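This structure is a prediction, so every number in the text was calculated from the model and none was measured.
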Amino acid sequence: MNRTRLAFFDVDGTLTTSGSMFRLLAFYLAAMGHPPRVYEERRRELKAMAAIGCPREATNRAYFSGLQGVDAAVLAGVADAWFAAELSTGGYYHEPALAALRRHQEQGDHVVLVSGSFPAPLRPIAADLGVEEVWCTEPDILHGRYTGDLKGPPMIGAAKAEAVRTVLARHGVTPGDCVAYGDHISDLPMFKAVGSAVVVGGDERLRTSARAHGWPLLPGTLPPPALPLPR
């Protein structure tokens, strides 16, 4: 019997040239009729947290606290329109990583997306890529609205490694038969949970680890195209 090979892909900055959470937020606020300053203020708040050294997990939780009260069905519908707008720019996917994903699919490997983003933006991305298994941050939804809390830890760092180990166990696959792709130092635990890794982009700490482990490197993403926002 042939052994199944698994390929784990981070999404934002690895498969795509931009971050899905911020871009969807800008699109959603514009669609709801908010002036651009509302998005800019929210983005400044989250960037300020990162600037003073708050871990990614904390800024991730802060992002979702800002969704408190948002109608989940409405946001899902806006996410579909957002993704169509991203594709219309012609520069949404990072071609080197996308080509790697397609090669895995052609070889019959099982592809899994592992992302700190959340289902609303990831669902149309996964459907477009033909990927059926997605592990991500899960916001809490009650009576059809986001509560501002999460169901579990953000899918960042150690949580990604735990998700990978769970997938390996479910598929009965050993780490040596798997590879992971990522662009940020927070992807390092995921890399160490599999047999091989591919570093995307110029995160120097991650590239240092790549040189130490002999991991291949892919070029980083180009600046993303401007996103056409709804009027």
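Checked by atom type and distance alone, the side chain of Thr17 pairs as donor or acceptor with a backbone atom of Tyr92 at under 3.5 Å. Although no hydrogens or angles enter the test, the distance criterion places no donor-acceptor pair under 3.5 Å between the side chain of Asp140 and the main chain of Asp149. Checked by atom type and distance alone, the side chain of Asn60 pairs as donor or acceptor with a backbone atom of Gly116 at under 3.5 Å. In this structure, the side chain of His184 engages the main chain of Ser186 through a donor-acceptor pair within 3.5 Å. For the pair Thr137 (side chain) and Phe118 (backbone), a donor-acceptor distance under 3.5 Å is absent. Judged by distance alone, the side chain of Asp187 and the main-chain N or O of Asp183 form a donor-acceptor pair under 3.5 Å.
You'll find the side chain of Leu168 reaches within 4.5 Å of the side chain of Pro175, heavy atoms only. Between Val70 and Val74, the closest side-chain pair of non-hydrogen atoms is not below 4.5 Å. Looking only at side-chain heavy atoms (C-beta outward), Leu24 and Phe83 stay at 4.5 Å or farther from each other. Residues Phe9 and Leu129 fail the side-chain proximity criterion, which asks for heavy atoms closer than 4.5 Å. Between Val11 and Thr16 there is a side-chain heavy-atom pair separated by less than 4.5 Å. Side chains of Lys151 and Ile141 form no contact here, defined as non-hydrogen atoms less than 4.5 Å apart. Between Pro154 and Arg61 the shortest side-chain heavy-atom distance falls below 4.5 Å. Here the side chains of Met155 and Ser115 are not in contact, with every heavy-atom distance at 4.5 Å or above.
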Full working for salt bridge (charged side-chain N to carboxylate O under 4.0 Å, His left out) between Glu40 and Lys47: CA-CA 10 Å; Glu40 294 300 334; Lys47 280 188 167 294; over 6 Å; no

Worked check of side-chain hydrogen bond (donor to acceptor under 3.5 Å, both in side chains) between Thr208 and Arg211: CA-CA 5 Å; Thr208 298; Arg211 288 189 288 268; 3.3 Å; yes

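Hydrophobic cluster membership is shared by Met21 and Leu67, with clusters built from Ile, Leu, Val, Met, Phe, Trp and Tyr side chains linked at under 4.5 angstrom. There is a path of hydrophobic side-chain contacts, each under 4.5 Å, that joins Leu122 to Val200. Clustering ILVMFWY residues whenever any of their side-chain heavy atoms sit less than 4.5 angstrom apart, transitively, puts Met190 in a cluster other than the one holding Leu15.
The shortest non-hydrogen separation linking Pro225 to Arg23 is O-NH2, 2.9 Å.
Taking the six-membered ring for Trp, Tyr181 and His94 have ring centres at least 6.0 Å apart.
Using a 4.0 Å cut-off between charged nitrogen and carboxylate oxygen, Arg165 and Glu162 count as a salt-bridge pair. Between Arg102 and Glu95 there is no salt bridge, since none of the side-chain N atoms of the basic residue sits less than 4.0 Å from a carboxylate O of the acidic one. The existence of a salt bridge linking Asp109 and Arg103 is excluded, since no basic side-chain nitrogen approaches an acidic carboxylate oxygen closer than 4.0 Å.
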